[in-house]
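Start at 1 and go down the list; that is how both ligands and their atoms are numbered.
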Amino acid sequence: MNRNLIVFKDPETLADQFSDKLMSWIAASGGSHYHLAISGGSTPKLLFTALALKYATSTLWEKTHFWWVDERMVPAGDPESNFGVARQLLFSKISIPEKNIHPVNGENDPFAESENYAQQIKGEMDIISGWPEFDLIILGIGEDGHTASIFPNQTELLKSERICEVAHHPVTGQSRITLTGMQINYADKICFLVTGASKAERFKEIWMKEEKAKLLPAAHIRPVNGELYWFTDQAATQLLP
Ligand code: 6PG
């Protein structure tokens, strides 16, 4: 598997350059839909701002469908809501059809919503090798090595045969819906966005395939048929040899 590692000088430059790469991928894709799943966290906020600044009136939004890698089970207006942040920073500033935005219903019962969201995903995407195929999934890595809402104490979510599962934040206990590791790994492209010195140790462990990385959910993301990209900055890669 080709390990595409691209290093930028800082998070802002990464977001600016990745926004161009994302739009080029959407433009180059055939078909009438581009199914993109986004994560929460701080790095995507910079990406949303870059996209809104440069691509507000792009016609590519007509074919682009936004899904969530994971979502906190809170109302959309809650500052914790990944959808709420994307709506504020991106969707409110670009010309995208409402029907192309597929938020998790954060006010539903978590287990009911896990099944409901999986049905929505299955109903909209091509099924490849038995799994819905996202065109692109954008992930981050937590300081504990989590990705999506798959935390080190819930690694069974990596191998679940379901599309979505209910997860719980290990410290706050907050309920979340997350795509499973299997669903993520069946994407056509997977991009990690990793920035900042606080991720340097985890990134080194994963990139160097250290023994301790086996305990980190992010280390278990490996596309079955697709491509894996790492968009990083100098601070996050400072410990690489
Ligand atoms: C979430 C995210 C989460 C995130 C990492 C990295 O909902 O919190 O999906 O998995 O990707 O915590 O976040 P940063 O972008 O802040 O590094």
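- Residue-ligand proximity: Arg176 is placed with a non-hydrogen atom under 4.0 Å from ligand 1.
- Centroid-to-centroid, the aromatic rings of Phe91 and Trp61 stay 6.0 Å apart or farther.
- Those atoms of ligand 1 with a heavy atom of Gly140 less than 4.0 angstrom away are 11 (O).
- The shortest contact between atom 5 (C) of ligand 1 and any protein heavy atom is with His146 NE2, 3.6 Å.
- Looking only at side-chain heavy atoms (C-beta outward), Met208 and Pro241 come within less than 4.5 Å of each other.
- The shortest N or O to N or O distance between Asn82 and ligand 1 is under 3.5 Å.
- Nearest protein heavy-atom neighbour of atom 9 (O) of ligand 1: Asp70 OD1, 2.7 Å.
- Across Ala148, Ala167, Ala236, heavy-atom proximity to atom 10 (O) of ligand 1 is greatest for Ala148.
- For Ile141, the closest heavy-atom approach to ligand 1 falls below 4.0 Å.
- Within ligand 1, counting atoms from 1 as listed, the ones closer than 4.0 Å to a heavy atom of Gly41 are 13 (O), 15 (O), 16 (O).
- Ring-centre distance between Trp230 and Phe203: below the 6.0 Å cut-off.
- With respect to the salt-bridge test (charged N to carboxylate O, under 4.0 angstrom), the residues Asp16 and Lys54 qualify.
- Residue contacts with ligand 1 do not include Lys45, since none of its heavy atoms lies under 4.0 Å from the ligand.
- Of all atoms in ligand 1, listed by their number and element, those nearer than 4.0 Å to a heavy atom of Thr43 are 14 (P), 15 (O), 17 (O).
- Note on ring orientation: taking the six-membered ring where Trp is involved, the planes of Phe151 and His146 are tilted (angle from 30° to 60°).
- Listed by number with element, the atoms of ligand 1 under 4.0 Å from a non-hydrogen atom of Lys199 are 6 (C), 14 (P), 17 (O).
- With respect to Glu156 and Lys159, no salt bridge is recorded, no charged nitrogen being found less than 4.0 Å from a carboxylate O.
- Considering both main-chain and side-chain atoms, Pro44 never comes within under 3.5 Å of ligand 1 through any nitrogen or oxygen pair.
- Taking 4.0 Å as the cut-off between side-chain N and carboxylate O, Lys199 and Glu143 do not count as a salt-bridged pair.
- For atom 8 (O) of ligand 1, the nearest non-hydrogen atom of the protein is Arg72 NH2, 2.8 Å.
- Neither side chain, Asn116 nor Gln119, offers a donor N or O lying under 3.5 Å from an acceptor on the other.
- Classified by interplanar angle (parallel below 30°, tilted 30° to 60°, perpendicular above 60°), the ring pair His102/His35 is tilted.
- Applying the ring pair (Phe, Tyr, Trp, His ring centres under 6.0 Å) test to Phe48 and every residue at least two apart in sequence or in another chain returns nothing.
- Comparing heavy-atom distances from atom 14 (P) of ligand 1 across Ser198, Pro11, Ser42, Ser149 singles out Ser42 as nearest.
- Polar contact with ligand 1: present for Gly40 (N/O pair, distance under 3.5 Å).
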